[in-house]
Q: 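The structure's right below; bear with me while I get my questions together.
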Amino acid sequence: MARDRTPADLIGHHVLDREGHNVGKINQVYLDDNTDQPSWVSVHTGLFGRHETLVPLQGSQPVEEDIRVPYDKSVVKDAPHVDADRHISPEEEQTVRRYYAEHGGPPMRGEETEMGRGPGPQTTGREDMAGGAAGGAAGGMAGGMAGDAAMRDRDPAMADERDDISMTRSEERVDIGVERREAGHARMHKYVETEQFDETVPLHHDELQVERRPVDDPSAVREPREMGEDEQTFTLYEERPVVSKEQVPVEEIHVRKRDVTRDEHVQGQRRRERVELEDDEGEPPANA
């Protein structure tokens with residue numbers, strides 16, 4: 001079993017037999033007094049039952065969140081049951097240890113073994129478990145019972161027998177709201193720019209045009225003059241472009257805010273509780 005897993009990590013997970021079949025759910029963990037490492041676990045295999053079966057962890061292997069023990073499912077289910085409502089006596093402990101020793105588990109220690117060994121701890125020669133030698137299981141079971149009361153306080157079904165029990169299932173409900181906050185500023189600014197213009201303007205001017213008329217009847221000439229020098233003048237005019245400017249309003253610009261709605265996809269996680277039922281085989285009942 002991985003050394004970085006704590007006893008609390010095992011509770012609620014499953015014990016699998018040597019073939020990988022589900023045996024039951026771990027209800028309690030018993031520690032070795034010498035190493036404070038998990039040495040035995042109790043497996044709850046019934047539906048709301050009061051009995052638990054002890055399973056040694058020596059030789060077990062982790063399978064994801066569960067553990068696999070080197071026993072058949074029938075061996076674990078036929079093991080002596082332990083009454084969770086009272087302390088495990090030394091006689092019951094020896095009975096459980098003797099049972100697994102007879103089915104290939106860790107051998108017993110001391111003078112109570114059927115093999116007739118002398119007093120003193122005996123080791124199996126295997127240290128697969130994190131400090132889980134079988135010789136420390138007795139102290140581990142006695143220390144592990146300190147957690148029985150807390151388990152019974154959390155699970156009223158273990159405190160007394162009733163014809164029916166109830167459990168409240170809760171879940172998180174998501175309430176998505178909105179908040180109003182500043183998203184930026186908009187300013188309207190006016191400035192003066194200069195641009196070129198090019199237009200064609202018609203202009204008028206005076207030109208000289210000479211017309212000569214022969215005099216056929218001298219008596220018809222008005223105010224005849226003596227021959228000599230004479231001079232007549234008149235003024236010629238022309239138009240030139242004159243540019244003048246005046247400021248006139250040409251446009252009004254109005255800017256206003258308007259409310260726009262858009263859809264945004266929101267993702268997240270929410271938790272909910274799930275209730276599972278198991279029968280004596282560790283499987284869900286047919287009518288569940």
Side-chain angles (χ1 to χ4, degrees), residues 1-14 16 20 22 25 62-67 154 166-278 284 288:
M1 193 173 66
R3 294 180 180 273
D4 56 351
R5 296 181 65 182
T6 65
D9 294 333
L10 297 175
I11 296 177
H13 295 290
H14 293 272
L16 311 178
N22 179 39
K25 188 175 294 185
V63 180
E64 296 181 354
E65 298 295 328
D66 303 324
I67 57 174
R154 293 196 302 267
S166 63
M167 181 179 295
T168 301
R169 188 182 70 83
S170 302
E171 67 179 18
E172 293 178 339
R173 293 190 175 180
V174 179
D175 182 15
I176 302 177
V178 296
E179 64 175 356
R180 187 177 179 87
R181 63 177 185 177
E182 286 189 4
H185 297 84
R187 292 179 294 274
M188 185 165 59
H189 175 70
K190 184 176 70 172
Y191 59 94
V192 177
E193 65 180 4
T194 302
E195 65 179 5
Q196 296 290 332
F197 66 90
D198 186 359
E199 296 185 10
T200 300
V201 179
L203 300 178
H204 299 272
H205 66 278
D206 294 335
E207 291 184 353
L208 293 178
Q209 183 178 5
V210 178
E211 180 181 359
R212 297 176 181 271
R213 301 176 184 176
V215 177
D216 297 332
D217 184 5
S219 62
V221 177
R222 291 176 300 175
E223 298 180 3
R225 295 181 182 181
E226 295 181 0
M227 188 174 64
E229 295 183 2
D230 191 7
E231 181 178 303
Q232 298 287 333
T233 63
F234 56 92
T235 303
L236 300 176
Y237 292 93
E238 68 176 0
E239 294 179 343
R240 292 185 178 181
V242 177
V243 178
S244 63
K245 302 176 184 178
E246 62 175 342
Q247 180 177 318
V248 293
V250 295
E251 185 181 29
E252 288 187 350
I253 296 93
H254 295 271
V255 179
R256 65 175 62 88
K257 296 188 297 182
R258 63 186 179 94
D259 185 44
V260 180
T261 301
R262 64 182 177 89
D263 294 331
E264 182 169 339
H265 189 59
V266 179
Q267 290 182 326
Q269 294 181 341
R270 60 181 176 185
R271 301 178 301 166
R272 63 179 180 180
E273 298 175 335
R274 184 175 63 181
V275 178
E276 295 181 351
L277 301 180
E278 294 180 354

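Residues: numbered from 1 along the sequence shown.
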Q: How long is the straight-line distance from CG of Leu10 back to CD of Glu65, given to the nearest 0.5 Å?
A: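 Here the rounded value is 9.5 Å.
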
Q: Are there more than 12 heavy atoms of other residues, nucleotides or ligands under 6.0 Å from atom CG of Asp198?
A: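 Counting other residues, nucleotides and ligands, CG of Asp198 stays at 12 neighbours or fewer.
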
Q: Does any pair with a residue in residues 176-197 pass salt bridge (Lys or Arg N to Asp or Glu O under 4.0 Å), and if so which ones, sequence neighbours excluded?
A: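 Output for this query is empty, none listed.
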
Q: Working to the nearest 0.5 angstrom, can you tell me the gap between Glu64 CD and His14 NE2?
A: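 Glu64 CD to His14 NE2: 12.0 Å, rounded to 0.5 Å.
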
Q: Check whether Asp206 reaches the backbone of Leu236 with its side chain - one donor and one acceptor, N or O, closer than 3.5 Å.
A: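 Such a contact is absent between Asp206 side chain and Leu236 backbone.
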
Q: Answer yes or no: is there an ion pair linking Glu273 with Arg169, defined by an N-O contact shorter than 4.0 Å?
A: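 No, no charged N to carboxylate O under 4.0 Å.
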
Q: In Å, rounded to the nearest 0.5 Å, how long is the span from CD1 of Ile176 to CD of Glu264?
A: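 If we round to the nearest 0.5 Å, Ile176:CD1 and Glu264:CD are 10.0 Å apart.
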
Q: When you compare the side chain of Phe234 with that of Leu208, does any pair of heavy atoms fall below 4.5 Å?
A: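 When only atoms from C-beta onward are counted, Phe234 and Leu208 do touch, with a gap below 4.5 Å.
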
Q: Between Glu171 and Arg272, is there a donor-acceptor pair closer than 3.5 Å when you use the side chain of the first and the backbone of the second?
A: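 Looks like no, no N/O pair under 3.5 Å.
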
Q: With Glu172 as reference, evaluate Gln269, Arg270, Arg271 under the side-chain hydrogen bond (donor to acceptor under 3.5 Å, both in side chains) test and give the passing residue.
A: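 The option that passes is Arg271.
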
Q: Show your working on side-chain contact (heavy atoms from CB on, under 4.5 Å) between Glu231 and Glu229 and close with a plain yes or no.
A: CA-CA 7 Å; Glu231 181 178 303; Glu229 295 183 2; over 6 Å; no

Q: State, to 0.1 Å, how close Met188 and Val255 come at their nearest heavy-atom pair, and which atoms those are.
A: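 Reported closest heavy-atom pair: SD-CG2, 3.6 Å.
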
Q: Side chains of Glu238 and Arg240, heavy atoms from C-beta outward: is any pair under 4.5 Å?
A: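 Side chain of Glu238 against side chain of Arg240, heavy atoms only: contact under 4.5 Å found.
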
